Amino acid sequence: MPAPHEETLRVRAAGPADLAAIARLHTAARAAYQRARFPDAPFDTAAEHTRLHTAWHRALGPDGTPVLCAVRQGTVLGAAAHRQDGPATAELHQLHVDPGHWGTGVGRALHTACLHAWRAAGCSRAVLDVLWHNHRARSFYTRLGWRPDPQRRPAPDATHLALTLPLTAPAAQ
């Protein structure tokens with residue numbers, strides 16, 4: 001029998017009505033993983049929330065990228081934005097989960113939904129950039145089959161790691 005949190009989790013296309021919740025959870029997630037590196041820095045400021053709200057507003061707009069959200073009992077717990085980068089490559093642009101729900105399957109559910117979309121679009125590989133110091137995210141992606149991308153160089157300031165995932169065969173879900 002599935003755990004209670006698994007029974008009601010649903011991944012769906014995000015819309016403008018989800019904007020505030022997505023910006024809020026992204027701000028909280030970013031603050032949580034940045035505090036691991038900079039414990040005294042205020043990453044959940046009003047200015048940071050405004051910056052992320054503006055970015056998600058663009059993503060959710062008519063010319064934005066596909067955005068998915070994971071919802072449980074009417075509450076948005078996570079969001080993912082992806083886009084196609086050429087005819088065969090998908091890019092996972094954003095994947096964030098409210099820190100209070102880390103480890104509950106929300107990120108995995110969003111990732112699985114992205115895999116389905118990418119394969120349906122005919123993509124044969126996916127790419128993403130992850131912050132080098134975000135060890136939690138790096139571990140998450142490694143467990144799902146992502147590996148360092150030999151075709152992409154590290155960022156000049158070495159803050160990000162480029163990862164790739166072949167989509168020709170089903171990956172760990």
Side-chain angles (χ1 to χ4, degrees), residues 1-26 29-30 33 52-98 101-131 134 136-153 160-173:
M1 181 170 158
H5 67 267
E6 293 173 352
E7 291 177 21
T8 59
L9 184 65
R10 186 170 66 102
V11 176
R12 62 167 172 77
D18 301 309
L19 174 59
I22 291 171
R24 190 171 35 256
L25 76 85
H26 185 174
R30 187 171 189 283
Y33 65 71
L52 294 175
H53 188 277
T54 300
W56 283 103
H57 183 267
R58 279 192 308 271
L60 289 166
D63 297 327
T65 60
V67 177
L68 302 171
C69 63
V71 180
R72 182 179 295 130
Q73 297 177 342
T75 302
V76 177
L77 304 177
H82 61 94
R83 57 184 166 224
Q84 209 155 331
D85 184 19
T89 303
E91 179 186 3
L92 181 56
H93 183 62
Q94 302 281 346
L95 194 153
H96 302 283
V97 174
D98 182 293
H101 296 275
W102 285 354
T104 65
V106 174
R108 187 175 290 267
L110 285 164
H111 184 267
T112 298
C114 288
L115 289 175
H116 291 302
W118 299 334
R119 288 184 176 124
C123 295
S124 59
R125 73 182 218 126
V127 297
L128 66 82
D129 289 328
V130 63
L131 286 169
N134 190 344
R136 182 182 192 90
R138 289 175 53 195
S139 177
F140 171 77
Y141 292 122
T142 297
R143 284 191 311 272
L144 294 172
W146 293 81
R147 299 293 178 256
D149 188 345
Q151 297 177 18
R152 297 190 304 148
R153 296 177 180 258
H160 290 80
L161 176 64
L163 301 177
T164 189
L165 178 71
L167 299 174
T168 52
Q173 298 178 21

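Residue numbers start at 1 and run along the sequence shown. Please read these numbers as outputs of a predicted model, since none were measured by experiment. What you see below is based on every heavy atom in this structure, not just the backbone, and it leaves out hydrogens, waters and symmetry mates.
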* To do: List for me each residue that meets salt bridge (Lys or Arg N to Asp or Glu O under 4.0 Å) alongside Arg12, sequence neighbours excluded, and say none if there are none.
  =>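 Partners of Arg12 under the salt bridge (Lys or Arg N to Asp or Glu O under 4.0 Å) test: Asp18.
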Are any non-hydrogen side-chain atoms of [X] and [Y] less than 4.5 angstrom apart?
| X | Y | answer |
| --- | --- | --- |
| Arg152 | Val127 | yes |
| Asp149 | Leu163 | no |
| Leu144 | Leu165 | no |
| Asp129 | His93 | no |
| Gln94 | Val67 | no |
| Glu91 | Thr89 | no |
| Val130 | Phe140 | no |

[X] [atom1] to [Y] [atom2] distance, which is reported to the nearest 0.5 Å:
| X | Y | atom1 | atom2 | value |
| --- | --- | --- | --- | --- |
| Tyr141 | Leu128 | OH | CG | 5.5 Å |
| Leu68 | Thr112 | CG | OG1 | 11.0 Å |
| Leu19 | Arg24 | CG | CZ | 9.5 Å |
| Arg143 | His111 | CZ | NE2 | 11.0 Å |
| Arg10 | Gln73 | CZ | CD | 12.5 Å |

List the atom of [X], the atom of [Y], and the distance in Å for their closest heavy-atom pair.
| X | Y | result |
| --- | --- | --- |
| Gly105 | Leu9 | O-CD2, 3.9 Å |
| Ala70 | Leu110 | N-CD2, 3.8 Å |
| Leu25 | Gly78 | CD2-N, 3.6 Å |
| Leu92 | His82 | CA-CB, 4.3 Å |
| Ile22 | Ala14 | CD1-CB, 3.9 Å |

* To do: Kindly say whether Ala126 contributes a backbone atom to a donor-acceptor pair with the side chain of Thr164 at under 3.5 angstrom?
  => yes
Contacts under 3.5 angstrom, residues 57-66 side chains, donor-acceptor by atom type, not counting sequence neighbours:
none

* To do: State which residues pass ring pair (Phe, Tyr, Trp, His ring centres under 6.0 Å) with His26; sequence neighbours excluded, sorted by chain then number.
  =>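 Ring pair (Phe, Tyr, Trp, His ring centres under 6.0 Å) list for His26, sorted by chain: Trp56, His96.
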